[in-house]
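Accompanying notes for the structure given below.
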2 protein chains.
Amino acid sequence: MEFNNIEKFDPSSCIAGKVMRIKRITANIFRKHLAPYHITDSQLTLMFVMSKKRSMTQKQMSEMVFLEKSSLSRNLTRLIDRKLIHKTGPHQIEITTDGLYFVENIIPIWEKAMNEIREKIGEQGEHSLSTVYTSITA
Amino acid sequence: MEFNNIEKFDPSSCIAGKVMRIKRITANIFRKHLAPYHITDSQLTLMFVMSKKRSMTQKQMSEMVFLEKSSLSRNLTRLIDRKLIHKTGPHQIEITTDGLYFVENIIPIWEKAMNEIREKIGEQGEHSLSTVYTSITA
DNA sequence: AATTTAATGTTGTATATACAACTATTACTG
DNA sequence: CAGTAATAGTTGTATATACAACATTAAATT
């Protein structure tokens, strides 16, 4: 056979392929719920972290969310423009009062998105996801 | 308390947050392995599907990989420019012979990336990922 | 304290992704 | 068969992401 590797392998076993598809599906669900509030899933993650920690460096945030520093820098730009976050020094970002209210109010919406995903993946799926997450971030 | 929702909730429970982080981590591993061959994880998924099916419509592909038609259209542009895929009609894309050889040769590299991820998530993690994938795509 | 070194953050460039609006193709219907 | 409706695919625009190169700030060394 000319293409032995192709014959033998099973594309559906690809881990990255599965992760990408899961990501697209979950992002679509979240987008649908969050769009009216003009915030994205990625931005919301940053806001959630900030709402708990209140203040930190970009380096710290970048490590917490596994986001490259340049990507983080650009995502923050949009949140800073909206005054949900501000810079209190060269190496310090802080959530604003507006930011705290925003998170406070978006949590019920976020819960709706979470529930829609839970309906799809179930208790089992949610637990399995945690297993993957724990092992890959260990 | 002023921010009751914030106090109560646990950002680390966010499904989308976990999925995004897992996605960044796996994409980084794949990127590292695939970069020398000038192909991305997303493009490789398309090539993998094409290597098995040989020919299909964009609509079919879009449903198989859960990718919006416009995103697919643009990703295909790059593969068509490289002559790994070509259009055989208005609604038909086909893998080229070059494309088949490309996939045949990249599979061993792909296996290295897969193994690096497997080292992190283990048998358990790989199985858990499949569980999530099956349920969310059901 | 001044200069060098290291760490942190930003900007240039490229791909990925989605929605909305448009174009092109195919399918239906009279 | 012609005209319309439906489906498929492309383009405009915006955010997300990463690497490389640059700029800025902090730390270390003399």
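Side chains included, hydrogens not; waters and symmetry mates left out as well; all remaining heavy atoms used.
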Just the rounded figure in Å: distance from [atom2] of [N] to [atom1] of [X].
X       : N      : atom1 : atom2 : answer
A:Met56 : C:dG9  : CE    : P     : 12 Å
A:His91 : D:dA26 : NE2   : C1'   : 7 Å
A:Ile93 : C:dT10 : CD1   : C1'   : 14 Å
A:Gln60 : C:dT8  : CD    : P     : 9 Å
B:Asp81 : D:dT10 : CG    : C1'   : 14 Å
A:Lys59 : D:dA26 : NZ    : C1'   : 14 Å

Checklist entry - When you check the gap from the basic side-chain N to the acidic O, do A:Lys32 and A:Glu116 get nearer than 4.0 Å? => result yes
Checklist entry - So does A:Arg54 pair up with A:Glu94, basic N to acidic O under 4.0 Å? => result no
Checklist entry - Does D:dT24 have OP1 or OP2 sitting under 4.0 Å from an N or O in the side chain of A:Lys87? => result no
Item to check | Side-chain N or O of A:Gln58 closer than 4.0 Å to phosphate OP1/OP2 of C:dT10 | outcome: yes
Checklist entry - NA contact type, A:Thr57, heavy-atom cut-off 4.0 Å: base, sugar-phosphate, or nothing? => result sugar-phosphate
Checklist entry - Taking atom CD1 of B:Ile85 and atom CD of B:Gln43, what is their separation to the nearest 0.5 Å? => result 9.0 Å
Checklist entry - More than 12 heavy atoms of other residues, nucleotides or ligands under 6.0 Å from NE2 of B:His127: is that the case? => result no
Item to check | Atom of A:Val132, atom of B:Ser128 and distance for their closest heavy-atom approach | outcome: CG2-CB, 3.7 Å
Give me, pair by pair, the N or O atoms of the protein and of nucleotides 14-18 of chain C that are less than 3.5 Å apart, along with how far apart they are.
| unit_1 | atom_1 | unit_2 | atom_2 | d |
| --- | --- | --- | --- | --- |
| C:dA16 | OP1 | B:Thr40 | OG1 | 2.2 |
| C:dA16 | OP1 | B:Gln43 | NE2 | 3.3 |
| C:dA16 | OP2 | B:Gln43 | NE2 | 3.3 |
| C:dA16 | OP2 | B:Asn75 | OD1 | 3.4 |
| C:dA16 | OP2 | B:Arg78 | NE | 2.7 |
| C:dA16 | OP2 | B:Arg78 | NH2 | 3.1 |
| C:dT17 | OP1 | A:Arg24 | NE | 3.2 |
| C:dT17 | OP1 | A:Arg24 | NH2 | 2.8 |
| C:dT17 | OP2 | A:Arg24 | NH2 | 3.3 |
| C:dT17 | OP2 | B:Ser42 | OG | 2.6 |
| C:dT17 | OP2 | B:Asn75 | ND2 | 3.1 |
| C:dA18 | OP2 | B:Glu68 | N | 2.9 |
| C:dA18 | OP2 | B:Ser71 | OG | 3.3 |
| C:dA18 | O3' | A:Arg31 | NH1 | 3.3 |
| C:dA18 | N7 | B:Ser71 | OG | 3.3 |
| C:dA18 | N6 | B:Arg74 | NH1 | 2.9 |

Next on the checklist: Could you check, using the six-membered ring where one of them is a Trp, whether A:Tyr37 and A:Phe102 have ring centers closer than 6.0 angstrom?
Outcome noted: no
